[in-house]
Protein chains: 2
Amino acid sequence: MSRKGDLSKERILKATKALVMRKGFAGTSVDDILREAGVSKGAFFHHFRSKADLTEQLMRWYADTDIRMFREILARAEAAHDDPMDQLLQFLTDFEVYLSDPKQPPRGCMYALYTYEDDHFENDLKEFVAETLQTWTAMYIRKFQEVIDLHTPAKPVTAKRLAEMFVSVIEGGLILQRAYQVPGMTARQSEQFRDYLELLFPTATRKAA
Amino acid sequence: MSRKGDLSKERILKATKALVMRKGFAGTSVDDILREAGVSKGAFFHHFRSKADLTEQLMRWYADTDIRMFREILARAEAAHDDPMDQLLQFLTDFEVYLSDPKQPPRGCMYALYTYEDDHFENDLKEFVAETLQTWTAMYIRKFQEVIDLHTPAKPVTAKRLAEMFVSVIEGGLILQRAYQVPGMTARQSEQFRDYLELLFPTATRKAA
DNA sequence: CCGAAAACAGACCAAACGGTATGTATAGAA
DNA sequence: TTCTATACATACCGTTTGGTCTGTTTTCGG
């Protein structure tokens, strides 16, 4: 495995991610990517069979790092607390810190972007995106179920619904954040969701982090 | 004002809306639109100076009908109840009925789509989208403020935050709905948000519709 | 240090793109 | 009926697009 080639490939992927987040998939041309990544056309088509191939690899690469990031934050929260509710609240506050990081200005979710441009893509990529979103949701379902099992909710609720609501609120927050160009919007949605959880599980004890 | 021309123009706008919701702005070519709308290139460029001009007019046309629709649902809810909380819950259930209407398969929000492709557009269009989203949010802020003034919330909360959370939850619901291709997702998010409101304002009376 | 595979560079291409030019049909006011 | 502005239709144009082809450099095991 040569290192040089993998480095270029990652340069291309990163450049494409940045461009796609601002211009969409169809709105990003191969020449745009070459300029942004500083590679030649030959290099590009050496690593990717086509633009569609790049799109697919980008999606899988993005999903991999994305899910891994969430797992890490959750693992830290689980290590810090015993009660699943405390773990959850810790996860959310840590996630808010991540969201409020002033680096990487144009925040966004590539799954969201994808769903609004899905006509250009193959069916197996559609399935992959749906599966990835489900994996992401499943992570939360598990945790919410633990909370529900331990603390009686003030109103009947399912773990699945709570998980889906959290994902929705984050996705929607990103859209508002982009539209208004105010950095804190998504984190605020997470906060607001925490408030909901605290109302929903009033018996859950709250400890200092 | 001749009727014939306006009719063709609306045909083009409707066709573009349908295409854009599946392929994005950049991913929809003028020829695509001509095919979908069944008009000639001459007709198209008679009504629109450029593709960018169409994009702007489409956005304004969409925003107009969109906001009007929300105002109508809210007006009906306000006519049906006296208590702002009842009005709000009625509004949400009516909105859920609208969302669950099996017509118009590919649901989506053009503002969301826009924010993920905004690099192609002019600044005044960016401002217009932001303003429209703010108008939409402001509608809810007013109503939430009335509720807060009348019923003490179980946890301190601002009308603005609640309004933004609702918009977020709907936008996010649309994304999940598109990704999973299950029609009820967005309506479920609205339901879940209603649950939150009922926990937040426990003193609010609930009447039968 | 050699040879072969990987990694690149850049000229080139056909098709699709947004847009124009020019001509024709049509509708309504005078 | 005639005049004129609107409403189209279509051939055409320059540019950009995704992709190919050919040739050169770099890398690395033997």
Side-chain angles (χ1 to χ4, degrees), chain A residues 1-61 113-114 117-122 124-125, chain B residues 1-59 61 113-114 117-122 125:
Chain A
M1 318 302 164
S2 61
R3 287 222 50 70
K4 179 96 180 299
D6 292 357
L7 232 78
S8 285
K9 190 166 178 177
E10 201 170 306
R11 285 251 306 288
I12 294 172
L13 285 170
K14 281 185 178 169
T16 307
K17 180 187 169 187
L19 287 170
V20 153
M21 284 292 188
R22 293 187 285 123
K23 301 157 74 119
F25 288 104
T28 300
S29 73
V30 173
D31 284 340
D32 283 341
I33 296 166
L34 303 186
R35 235 172 287 128
E36 178 87 7
V39 299
S40 72
K41 207 150 217 181
F44 180 92
F45 282 97
H46 172 74
H47 291 290
F48 304 97
R49 270 174 300 130
S50 63
K51 191 190 172 186
D53 180 41
L54 163 68
T55 302
E56 183 171 338
Q57 292 203 45
L58 173 65
M59 206 68 209
R60 297 185 188 278
W61 174 73
L113 175 50
Y114 169 85
E117 260 184 298
D118 56 1
D119 229 46
H120 300 298
F121 306 116
E122 303 294 331
D124 57 343
L125 192 53
Chain B
M1 318 301 162
S2 60
R3 288 219 52 66
K4 179 98 181 297
D6 292 358
L7 233 79
S8 284
K9 190 166 176 176
E10 201 172 306
R11 286 251 305 288
I12 294 173
L13 285 170
K14 280 184 180 169
T16 307
K17 180 188 169 186
L19 286 171
V20 153
M21 284 292 189
R22 292 186 286 121
K23 301 157 75 117
F25 288 103
T28 302
S29 74
V30 173
D31 285 338
D32 283 341
I33 297 166
L34 303 185
R35 233 172 288 128
E36 178 87 6
V39 298
S40 72
K41 209 153 214 181
F44 180 93
F45 282 99
H46 172 73
H47 291 290
F48 303 97
R49 269 176 300 132
S50 63
K51 191 190 173 187
D53 180 40
L54 163 68
T55 301
E56 184 172 336
Q57 292 202 45
L58 173 66
M59 206 67 211
W61 174 74
L113 175 49
Y114 169 84
E117 259 185 298
D118 57 0
D119 229 46
H120 300 298
F121 306 116
E122 302 295 331
L125 192 53

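Convention: sequence-line order gives letters A, B, ...; per-chain numbering from 1. Heavy atoms only: backbone and side chains are in, while hydrogens, waters and symmetry mates are out.
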**Report entry** Enclosure of A/R49 CZ (heavy-atom neighbours >12, cutoff 6.0 Å)
**Finding:** no

- Item | B/S29 side chain near C/dA16 phosphate (N/O to OP1/OP2, under 4.0 Å) | no

- Query: Per the atom types in the model, does the base of C/dG19 pair as donor or acceptor with the side chain of B/K41 at under 3.5 Å?
  - Reply: yes

Report yes or no: is the cationic atom of A/K9 (NZ for Lys, CZ for Arg) under 6.0 Å from the centre of the six-membered ring of A/F48, at an angle within 45° of the ring normal?
-> yes

In whole angstroms, the gap separating C1' of D/dG18 from CG of A/D53 amounts to 13 Å

A/R11 atom CZ is separated from C/dA7 atom C1', nearest whole Å, by 13 Å

B/H47 and B/D53 have their tightest heavy-atom pair at O-OD2, 4.4 Å

note: B/I33, atom CD1; C/dC17, atom C1'; distance rounded to Å ~ 12 Å

Comparing B/G42 with A/A26, nearest DNA chain D nucleotide closer to 5' gives the residue B/G42

With the side chain defined as heavy atoms from C-beta on, A/H47 is closest, among C/dC8, D/dA9, D/dG18, to C/dC8

Side chains of B/D32 and B/T16 in contact at under 4.5 Å (non-hydrogen atoms) | no

B/D31 CG to D/dT17 P, in whole Å, measures 16 Å

Rounded to whole Å, the NE2-C1' distance (A/H120 to C/dC17) equals 14 Å

Taken to the nearest whole Å, NE2/B/H46 to P/D/dA9 is 11 Å

- Item | Phosphate OP1/OP2 of D/dA7 contacted by B/S8 side-chain N/O (<4.0 Å) | no

From CZ of A/F45 across to P of C/dA11 the rounded distance in Å is 16 Å

Of the candidates C/dG18, D/dG18, D/dG19, the side chain of A/S50 sits closest to D/dG19

Verdict with supporting geometry, A/D6 and A/E10, side chain to side chain contact (heavy atoms under 4.5 Å, CB included): CA-CA 6 Å; A/D6 292 357; A/E10 201 170 306; over 6 Å; no

Taken to the nearest whole Å, CZ/A/F44 to P/C/dA9 is 14 Å

